[in-house]
Amino acid sequence: MHLVQWELSGDAVLPAESHRDRLLVLLAGQQLQVNDGYVHRLQVPLGMARCAGDRPLQVLLPDGPCRVLDVTWPHGQCDVQCWQRSLAGSMVLFSAIRESWLVFLLEGAITLDTGKGEQTLAPGDGVILMGGSAGHIQRHVLHGSGSVLLLWCKHYGMA
């Protein structure tokens, strides 16, 4: 997975991502329209659209500036699920072989303990947590308070 945040102040064209699928999430702003041959209307809070990455995306901002999270992954090689969750205290994420999590902090402050040290995330920060090895499940612990966007990815075609 790969992620980019776009700060858009006017209508734009997002570049094509050949052989990739993408998920757009409206993080801030009132409304966003995306055209990839189909028109997707994203509204707050956290409107989402899945698109093929092979075409550039026409992006229209009918109500002013927006901030958008653009997540891409190799076409047909991942099953991606997305959730927004509030956090007050601790949350544990588990990932097995060929699985990963993308944790994106929307608001608040969290510390991430992966067993290999701690990392502090501020709003707008994201991190990709890789899964365990064969026969081993990786445990990732988030501590703090706020709101997080979680994307879980099951990777296919990987050893």
Side-chain angles (χ1 to χ4, degrees), residues 1-87 91 93-110 112 114 119-132 137-138 140 142 146-159:
M1 276 191 287
H2 177 73
L3 79 132
V4 174
Q5 281 188 72
W6 299 98
E7 296 283 344
L8 303 173
S9 57
D11 297 348
V13 176
L14 300 184
E17 296 279 342
S18 185
H19 306 294
R20 296 185 72 79
D21 293 324
R22 75 189 327 156
L23 173 71
L24 298 173
V25 181
L26 179 60
L27 298 174
Q30 293 301 309
Q31 185 179 177
L32 179 72
Q33 292 182 14
V34 178
N35 187 339
D36 67 343
Y38 300 97
V39 175
H40 308 272
R41 288 183 176 82
L42 286 67
Q43 297 181 335
V44 294
L46 301 173
M48 297 180 202
R50 288 179 187 251
C51 308
D54 291 336
R55 293 186 226 157
L57 297 177
Q58 297 285 333
V59 178
L60 303 175
L61 308 176
D63 295 326
C66 291
R67 186 164 42 102
V68 178
L69 183 65
D70 183 4
V71 183
T72 64
W73 60 90
H75 176 70
Q77 293 186 22
C78 296
D79 173 24
V80 175
Q81 305 294 319
C82 185
W83 303 272
Q84 183 272 329
R85 293 289 183 259
S86 296
L87 179 65
M91 177 186 294
L93 304 174
F94 296 95
S95 52
I97 189 170
R98 294 189 295 266
E99 294 178 352
S100 62
W101 287 94
L102 184 148
V103 177
F104 184 85
L105 186 61
L106 298 167
E107 58 185 36
I110 62 173
L112 174 67
T114 64
Q119 181 177 358
T120 300
L121 299 180
D125 288 346
V127 63
I128 295 175
L129 308 171
M130 299 307 293
I137 294 184
Q138 184 68 39
H140 312 281
L142 286 67
S147 179
V148 294
L149 188 66
L150 301 169
L151 283 89
W152 172 83
C153 182
K154 173 70 175 182
H155 304 270
Y156 301 108
M158 296 173 57

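Hydrogens, waters and symmetry mates play no part in the numbers below; they use all other heavy atoms, side chains included. Please read all numbers here as calculations on a predicted model, not as lab measurements.
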Value rounded to 0.5 Å, distance of CE in Met130 from CZ in Arg98: 12.0 Å
Distance (rounded to the nearest 0.5 Å) between Arg67 CZ and Leu8 CG: 11.0 Å
From Gln138, His140, Lys154, residue fulfilling side chain to side chain donor-acceptor pair (under 3.5 Å) relative to Ser95: His140
Pairwise distance CD(Gln5) to CG(Asp125) - rounded to 0.5 angstrom: 8.5 Å
Point-to-point distance, once rounded to the nearest 0.5 Å, from OG of Ser100 to CH2 of Trp152: 9.0 Å
Test log, rule side chain to side chain contact (heavy atoms under 4.5 Å, CB included), inputs Leu60 and Asn35: CA-CA 8 Å; Leu60 303 175; Asn35 187 339; over 6 Å; no
Phe104 vs Leu27, side chain to side chain contact (heavy atoms under 4.5 Å, CB included): CA-CA, chis, key distance, verdict: CA-CA 11 Å; Phe104 184 85; Leu27 298 174; 3.7 Å; yes
pair Cys153-His155: side-chain heavy atoms closer than 4.5 Å: yes
Nearest non-hydrogen partners of Asp54 and His19, listed with the distance: OD1-N, 2.7 Å
Check: Val68 and Val25 side chains under 4.5 Å, non-hydrogen atoms: no
Atom NE2 of His40: over 12 foreign heavy atoms under 6.0 Å: yes
Candidate pair Arg50 and Val80, rule side chain to side chain contact (heavy atoms under 4.5 Å, CB included), full reasoning: CA-CA 10 Å; Arg50 288 179 187 251; Val80 175; 4.0 Å; yes
Interatomic spacing from CE in Met48 to CG in Leu23 - rounded to 0.5 Å: 6.5 Å
Any donor-acceptor pair under 3.5 Å from Glu17 side chain to Arg22 backbone: no
Side-chain donor/acceptor of Trp101 to backbone N/O of Gly131, under 3.5 Å: no
Minimum heavy-atom distance Pro15-Trp6, with the two atoms named: CD-CH2, 4.0 Å
Side-chain heavy-atom pair Val148, Trp83 within 4.5 angstrom cut-off: no
Shortest non-hydrogen contact between Asp21 and Gly76, atoms and distance: OD2-N, 3.4 Å
Nearest atoms (heavy-atom pairs only) where Val13 meets Pro56: CG1-CB, 3.7 Å
Side-chain heavy atoms of Leu151 within contact of Leu3, under 4.5 Å: no
Neighbour count >12 (heavy atoms, 6.0 Å) for atom CD, Gln30: no
Candidates Glu107, Arg85, Gln84 - the one meeting side chain to side chain donor-acceptor pair (under 3.5 Å) with Ser147: Gln84
Heavy-atom side-chain proximity of His75 to Arg20 below 4.5 angstrom: no
From Leu121 atom CG to Ile110 atom CD1, the distance as rounded to the nearest 0.5 Å: 4.5 Å
Side-chain (Asp11) to main-chain (Leu61) donor-acceptor, under 3.5 angstrom: yes
N/O donor-acceptor pair under 3.5 Å between Arg55 side chain and Asp36 backbone: yes
Flag, side chain of Asp70 to backbone of Leu24, donor-acceptor distance under 3.5 Å: no
Heavy-atom side-chain proximity of Val103 to Gln119 below 4.5 angstrom: no
